[in-house]
Protein chains: 2
Amino acid sequence: MGQNMMAAGDNDDAIRLGPLEDLVGYHMRRASAVVGADFARAVSGTGMRQVLVGILSIIAANPGINQGMVGRALNIQRANMVSLVNELVDAGLVTREVSAEDRRAFTFTLTDRGRTTLDDALVRIRDHEERLLGSMSAQERATLLDLLSRIEARGD
Amino acid sequence: MGQNMMAAGDNDDAIRLGPLEDLVGYHMRRASAVVGADFARAVSGTGMRQVLVGILSIIAANPGINQGMVGRALNIQRANMVSLVNELVDAGLVTREVSAEDRRAFTFTLTDRGRTTLDDALVRIRDHEERLLGSMSAQERATLLDLLSRIEARGD
DNA sequence: TATTGTTATACTCTATAACTATA
DNA sequence: TATAGTTATAGAGTATAACAATA
């Protein structure tokens, strides 16, 4: 017991992480929170959020895609897609049309405004990632993307 | 058309990620979600969650630490610490005492049951990480921890 | 005056079940 | 019967402001 001599409330910046130290899950959670917070700062005032940029990006890369496909691509539940899509349609960023092949489904396309909003967001996001990953070489960033992708792939 | 016989995830892979493809934030978010979901599966039935294991670990590694210090170590707001700590105390995993040095503060110690619960959770968690990271060499895991830690450090 | 912990509150994200309209 | 989208709801996680007790 002799090793913990400091009083609670001392200038103890040296809080030990203990078992958390080498847990990938813990560090992933913390790093993801840091990225998310900086992302929010980067796009603040634009009405964008991580999930909305995700949806706009998927629609941009797959014009005419329907709601269910977008949700599956991003792992968003059907029920939770509804209000997200409503936000984008109400903001005039996305047009929603009944699918010609399946009248149960909606297909999406970006409006000009949606395209502009996404492009602006992407400029801010690339800047934010540059800031956050500034200390990493291109090699290290590629390695990070590769390692993260391999973990993602375990989620099937 | 009778062509819809593929399992979920088969042909949906043809959906392009577009701008998301090379965004670290996107892949971090997805990988973190995969880890979190598998974590939940690993400890299901034990009453543990990522945040509770975090608090127990910090207390275990820093006996006598107070509530504010735990919150700062894990980046949990003061207001949100209250119910989390109540959960742990009510479950008999942690004892809460008024600090001898500062009567505004509470100091925490793990009970025997808290120690056992944490140890059991850690066995499950190490197993879960082994499963999730099974394809990575020790070198790769170390690299991942290093890269994540460097991003974490940008959050100060 | 500042800090520790508390209460109240609110918003986002996530998850599930039940419903409708099409297929 | 199965699927696309909807509604309702509930539990986590997170954030802020105001308060009492103590420093």
Side-chain angles (χ1 to χ4, degrees), chain A residues 7-11 29-30 32-37 39-41 43-44 47-55 64-89 94 96-108 155, chain B residues 1-8 11-12 29-30 32-37 39-41 43-44 47-55 65-89 94 96-108 155:
Chain A
D10 266 8
N11 57 345
R29 193 173 145 84
R30 293 299 299 270
S32 192
V34 166
V35 173
F39 180 103
R41 235 176 290 130
V43 299
S44 89
M48 284 294 99
R49 304 193 301 278
Q50 279 183 313
V51 65
L52 297 181
V53 171
I55 295 173
I65 194 173
N66 70 40
Q67 189 162 321
M69 290 167 80
V70 174
R72 280 190 293 277
L74 295 174
N75 205 31
I76 300 171
Q77 306 293 322
R78 280 198 311 280
N80 298 327
M81 280 295 294
V82 179
S83 61
L84 293 169
V85 165
N86 283 340
E87 276 190 72
L88 295 174
V89 171
V94 162
R96 170 172 47 193
E97 294 174 39
V98 172
S99 165
E101 295 92 15
D102 184 343
R103 286 177 13 241
R104 296 170 300 181
F106 288 138
T107 61
F108 300 124
Chain B
M1 297 313 199
Q3 67 170 266
N4 192 15
M5 326 192 45
M6 80 275 275
N11 206 359
D12 288 332
R29 194 174 144 85
R30 293 299 300 268
S32 192
V34 166
V35 173
F39 180 104
R41 236 175 290 131
V43 299
S44 89
M48 284 295 100
R49 304 195 300 280
Q50 279 182 313
V51 65
L52 297 180
V53 171
I55 296 173
I65 194 173
N66 71 39
Q67 189 162 320
M69 291 166 78
V70 174
R72 278 189 294 276
L74 295 173
N75 206 29
I76 301 171
Q77 306 294 322
R78 282 200 310 280
N80 298 326
M81 281 295 295
V82 179
S83 61
L84 294 169
V85 165
N86 283 340
E87 277 190 71
L88 295 173
V89 171
V94 163
R96 169 172 48 193
E97 295 174 39
V98 172
S99 164
E101 294 90 14
D102 184 342
R103 283 169 24 235
R104 295 170 303 182
F106 287 138
T107 62
F108 299 123

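Every chain is numbered from 1 and lettered A, B, ... according to where its sequence line falls, protein lines coming before strand lines.
- First and last contacting nucleotides of DNA chain C toward chain A (any atom under 4.0 angstrom from a heavy atom, 5' to 3' order): dT12(C) to dA23(C).
- The distance from atom CD of Q77(B) to atom C1' of dA18(D) is 15 Å, rounded to the nearest whole Å.
- Taking five base pairs at each end of the helix from dT1(C)-dA23(D) to dA23(C)-dT1(D), the local helix axes there meet at an angle of 0°, rounded to 10°.
- Across all strands, N80(A) comes closer than 4.0 Å to base atoms (heavy-atom distances).
- Looking at which nucleotide of DNA chain C each of F106(B) and R104(A) is closest to, the 5′-most match is held by F106(B).
- Put simply, the side chain of R78(A) and the base of dG5(D) share a donor and an acceptor less than 3.5 Å apart.
- Residues L74(A) and I55(A) approach most closely at CD1-N, 3.6 Å, considering heavy atoms.
- Checked against dT7(D), dT22(D), dT14(D), the side chain of R29(A) finds its nearest nucleotide in dT14(D).
- The distance between atom CD1 of I76(B) and atom P of dG13(D), rounded to the nearest whole Å, is 9 Å.
- The CZ atom of F108(A) lies 4.0 Å from the CD atom of Q67(A); values are rounded to the nearest 0.5 Å.
- The CG atom of N66(B) sits 7.0 Å away from atom CZ of R72(B), with the distance rounded to the nearest 0.5 Å.
- Residue S32(B) holds its OG atom at 6.5 Å from CD of Q50(B), rounded to the nearest 0.5 Å.
- Of the inter-residue distances, the one linking T107(B) atom OG1 with M69(B) atom CE reads 11.0 Å to the nearest 0.5 angstrom.
- Annotation: of the two residues near DNA chain D, A79(A) and Q50(B), the 5′-most nearest-nucleotide partner is A79(A).
- The base of dT22(D) is not paired with the side chain of R103(B) by any donor and acceptor separated by under 3.5 Å.
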Review item, side-chain donor-acceptor pairs of residues 75-86 of chain A, under 3.5 Å, at least two apart:
residue: N86(A); atom: OD1; partner: R96(A); partner atom: NH1; Å: 2.9
residue: N86(A); atom: OD1; partner: R96(A); partner atom: NH2; Å: 3.3
residue: N86(A); atom: ND2; partner: V82(A); partner atom: O; Å: 3.4

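- Remark on DNA chain C: of its neighbouring residues N75(A) and R72(B), the 5'-side contact belongs to R72(B), judged by nearest-heavy-atom nucleotide.
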> How far apart are the C-alpha atoms of V43(B) and R49(B), what are their side-chain angles, what is the distance that settles it, and do they pass the side-chain contact (heavy atoms from CB on, under 4.5 Å) test?
Replying inline: CA-CA 7 Å; V43(B) 299; R49(B) 304 195 300 280; over 6 Å; no
